Visitor: 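Quick one: this structure, given as structure tokens, is what I'll be asking you about.
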Amino acid sequence: MDERLRRWRLVLGGDADGTGCALGGTDAQMDGALSALYNGEGTGERSGGLGASAPRVARWLGDIRSYFPSTVVQVMQKDAVERLNLTRLLLEPEMLEAVEPDVHMVGTLLSLNRVMPEKARESARALVRKVVSELERRLVQKTKAAVTGALDRSARTHRPKRVADIDWDRTIRANLKNYLPERNTVVPSRLVGYGRRQRAVQREVVLCIDQSGSMAASVVYSSVFGAVLASMRSLRTSLVVFDTAVVDLTDQLHDPVELLFGTQLGGGTDINRAIAYSQGLITRPTDSIFILISDLYEGGVRQEMLRRVAQMTAAGVQVIVLLALSDEGAPFYDRDNAAALAALGVPAFACTPDAFPGLMAAAIERRDIGQWAERELERTAT
């Protein structure tokens, strides 16, 4: 069988009339799995469908994991939830055991958190924990290395009080122009050292996360990053989530799974109220980083929101607005509010999870975040 015709047949569905290509064996089973989800799409007329039977959907989920790679399975699961309205069936334990765990599925489960029966809750927690563990393996080391390095650099001083505080490597490099060949030595005109504040809290970090339905992936990633930052003694990390109400989940940062189950995706949005609460968490403005993760669709008082952001920046708080913290591409967001924030010197942009450690390092070193975002955009575009 011509491989190109075979692929077109799988894409188009229907029977062999359109391509002259009949399927058999595993190909026919793959076509059946595709037909059950994408019935009627393409130039051919697919048949099938999943109906509303939990056992049948569970079998289908198992089938697609056999036929397709995990990245394709995740896309098909997401399409199935959206196209066939399978959210209620996901409350069945056998369904949860059949799905391929991913960030999107976690978001769907969190949106069902308040209506989830007890028999499904343990399976849901196991799925969420598996995704969180995978994200931690991918992100923890990189985040800690970036933040620790930035804290060390930000604590550098040119007046070290003790010899033990001198960074000899950087001191030598900074004074190479003073090298004396006849003595084979460098005469330092200035010293580079560390302030030795590593055991003290050097930065306050407040993560303020919009938990409206469109921000599901951002909530998942933010919770993992929040737990990582909270584990670092040099940072005092707080995490709040909001819709029209504000919930402080800081005491759950030791366990990102528990933290995620403390969120409630969906509902309205009151950014102004969330910022007002967050302001009360900041005790050292010039050593604080406030990160608002939101699509900026404000249901509260817009002018008050902007006024509070202006207050924070004027007090010395490093304010960062992320339109999304995810791998989902360009987000939808309120462009008027983004422009208003930019006029206050607070650019709003999307950030991928892999870039977030670098963003934290830039914030700790008080670099220009707008320039950092532009460079990151250029880097990912090439």
Side-chain angles (χ1 to χ4, degrees), residues 201-215 218-219 222-223 225-226 229-230 235-251 253 262-325 331-351 356 359-360 362-364 366-373:
V201 172
Q202 298 183 50
R203 293 288 189 276
E204 295 182 355
V205 178
V206 179
L207 294 171
C208 185
I209 308 167
D210 183 343
Q211 59 177 352
S212 57
S214 61
M215 303 296 293
S218 297
V219 170
S222 300
S223 298
F225 279 119
L229 297 176
L235 303 177
R236 185 167 76 85
T237 303
S238 303
L239 185 144
V240 299
V241 296
F242 67 93
D243 40 38
T244 53
V246 180
V247 180
D248 191 329
L249 296 177
T250 302
D251 61 351
L253 279 171
T263 65
Q264 176 58 56
L265 294 175
T269 309
D270 192 336
I271 303 173
N272 176 54
R273 175 178 290 187
I275 294 177
Y277 180 86
S278 299
Q279 281 181 295
L281 299 175
I282 296 171
T283 62
R284 295 159 46 186
T286 57
D287 290 328
S288 296
I289 302 167
F290 173 69
I291 304 176
L292 173 65
I293 303 172
S294 173
D295 54 18
L296 297 179
Y297 287 105
E298 172 65 309
V301 185
R302 177 178 185 268
Q303 289 305 316
E304 275 293 296
M305 174 191 75
L306 297 174
R307 184 182 66 81
R308 291 185 187 280
V309 171
Q311 283 180 340
M312 295 173 79
T313 57
V317 178
Q318 181 86 314
V319 179
I320 299 171
V321 176
L322 300 182
L323 303 170
L325 178 56
F332 293 100
Y333 62 96
D334 189 307
R335 296 182 181 276
D336 290 338
N337 282 335
L341 288 169
L344 297 175
V346 181
F349 54 93
C351 180
F356 186 79
L359 172 62
M360 284 302 303
I364 289 170
R366 301 196 70 86
R367 285 185 261 151
D368 186 303
I369 297 301
Q371 291 182 4
W372 179 91

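We're numbering straight along the sequence, starting at 1. What you see is a predicted model, and the numbers here were worked out from it, not measured in a lab.
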Visitor: So, using salt bridge (charged side-chain N to carboxylate O under 4.0 Å, His left out) as the criterion, who are the partners of E204 when residues are at least two apart?
Guide: R236
Visitor: Looking only at heavy atoms, what is the nearest atom pair of V240 and S278, with distance?
Guide: CG2-OG, 3.7 Å
Visitor: Can you name the nearest heavy-atom pair linking I209 to S222, along with the distance?
Guide: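 The answer is CD1-CB, 3.3 Å.
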Visitor: After noting the C-alpha distance and the side-chain angles of I291 and L325, does the key distance pass the side chain to side chain contact (heavy atoms under 4.5 Å, CB included) rule?
Guide: CA-CA 11 Å; I291 304 176; L325 178 56; over 6 Å; no
Visitor: Can you name the side chain to side chain contact (heavy atoms under 4.5 Å, CB included) partners of A373, sequence neighbours left out?
Guide: F349
Visitor: Would you mind reporting whether V319 and L341 have side-chain heavy atoms less than 4.5 Å apart?
Guide: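 L341 vs V319: side chains apart.
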Visitor: Y297 and D334: which non-hydrogen atoms are nearest, and at how many Å?
Guide: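 Closest approach of Y297 to D334: CZ-N, 3.6 Å.
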Visitor: Keeping to residues at least two apart or across chains, list the salt bridge (charged side-chain N to carboxylate O under 4.0 Å, His left out) pairs with something in residues 305-323.
Guide: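 Found E304-R307, E304-R308.
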Visitor: Side-chain contact, heavy-atom cut-off 4.5 Å: I271 with F242?
Guide: yes
Visitor: If the condition is side-chain hydrogen bond (donor to acceptor under 3.5 Å, both in side chains), which residues does T237 pass it with, not counting sequence neighbours?
Guide: none
Visitor: Under a 4.5 Å cut-off applied to non-hydrogen side-chain atoms, are M312 and V346 in contact?
Guide: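 The answer is no; the side chains never approach within 4.5 Å.
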Visitor: Does the R273 side chain pair with the main chain of T244, one donor and one acceptor, at a distance under 3.5 Å?
Guide: yes
Visitor: Hey, what do you get for CG (D287) to CD1 (I282), rounding to the nearest 0.5 Å?
Guide: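 The CD1 atom of I282 is 11.5 Å from CG of D287, to the nearest 0.5 Å.
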Visitor: Restricting to side-chain hydrogen bond (donor to acceptor under 3.5 Å, both in side chains), what partner residues turn up for Q311, sequence neighbours left out?
Guide: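 Partners of Q311 by the side-chain hydrogen bond (donor to acceptor under 3.5 Å, both in side chains) criterion, ordered by chain and then number, come out as Q279.
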Visitor: Among residues at least two apart in sequence or on other chains, which ones pass ring-ring contact (aromatic ring centres under 6.0 Å, His included) with F290?
Guide: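 Checked F290 against ring-ring contact (aromatic ring centres under 6.0 Å, His included); zero matches.
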Visitor: With rounding to the nearest 0.5 angstrom, report the CG to CG distance, L239 to D248.
Guide: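 Rounded to the nearest 0.5 Å, the CG-CG separation comes out at 8.0 Å.
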Visitor: Verify side chain to side chain contact (heavy atoms under 4.5 Å, CB included) between I289 and M360, making sure each step is shown before the conclusion.
Guide: CA-CA 9 Å; I289 302 167; M360 284 302 303; 4.3 Å; yes
Visitor: Just how far is it from atom CG of L229 to atom CG of L253, taken to the nearest 0.5 Å?
Guide: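 One finds 9.0 Å between CG of L229 and CG of L253.
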Visitor: For D270, which residues count as a side-chain hydrogen bond (donor to acceptor under 3.5 Å, both in side chains) partner, sequence neighbours excluded?
Guide: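 Checked D270 against side-chain hydrogen bond (donor to acceptor under 3.5 Å, both in side chains); zero matches.
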Visitor: Under the side-chain hydrogen bond (donor to acceptor under 3.5 Å, both in side chains) test, which residues partner S294, sequence neighbours left out?
Guide: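 Listed in chain order: D210.
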Visitor: Write down the atom of D243, the atom of Q211, and the distance for their closest heavy-atom approach.
Guide: OD2-NE2, 3.3 Å
Visitor: Listed by chain and number, what are the side chain to side chain contact (heavy atoms under 4.5 Å, CB included) partners of A348, not counting sequence neighbours?
Guide: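 Residues passing side chain to side chain contact (heavy atoms under 4.5 Å, CB included) with A348: L296, V321, L323, A338.
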Visitor: Does L359 form a side chain to side chain contact (heavy atoms under 4.5 Å, CB included) with W372? I'd like the steps, not just the answer.
Guide: CA-CA 8 Å; L359 172 62; W372 179 91; 3.6 Å; yes
Visitor: Quick one: list whatever passes ring-ring contact (aromatic ring centres under 6.0 Å, His included) with Y277, sequence neighbours left out.
Guide: none
Visitor: With sequence neighbours left out, write down each residue that passes salt bridge (charged side-chain N to carboxylate O under 4.0 Å, His left out) with R367, or none if nothing qualifies.
Guide: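 Expected list: E365.
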Visitor: Using every non-hydrogen atom in the two residues, find where A274 and C208 come nearest and quote the distance to one decimal.
Guide: CB-SG, 3.6 Å
Visitor: What is the distance from atom CG of D336 to atom CD of E298, rounded to the nearest 0.5 Å?
Guide: 13.0 Å
Visitor: Going through the distances and angles, do S218 and L322 end up as a side chain to side chain contact (heavy atoms under 4.5 Å, CB included)?
Guide: CA-CA 9 Å; S218 297; L322 300 182; over 6 Å; no
Visitor: Which atom names give the shortest non-hydrogen contact between S238 and T250, and what distance separates them?
Guide: CA-OG1, 3.4 Å
Visitor: At what distance, to the nearest 0.5 angstrom, does CE of M215 lie from CD1 of I293?
Guide: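 So the gap between those two atoms works out to 7.0 Å.
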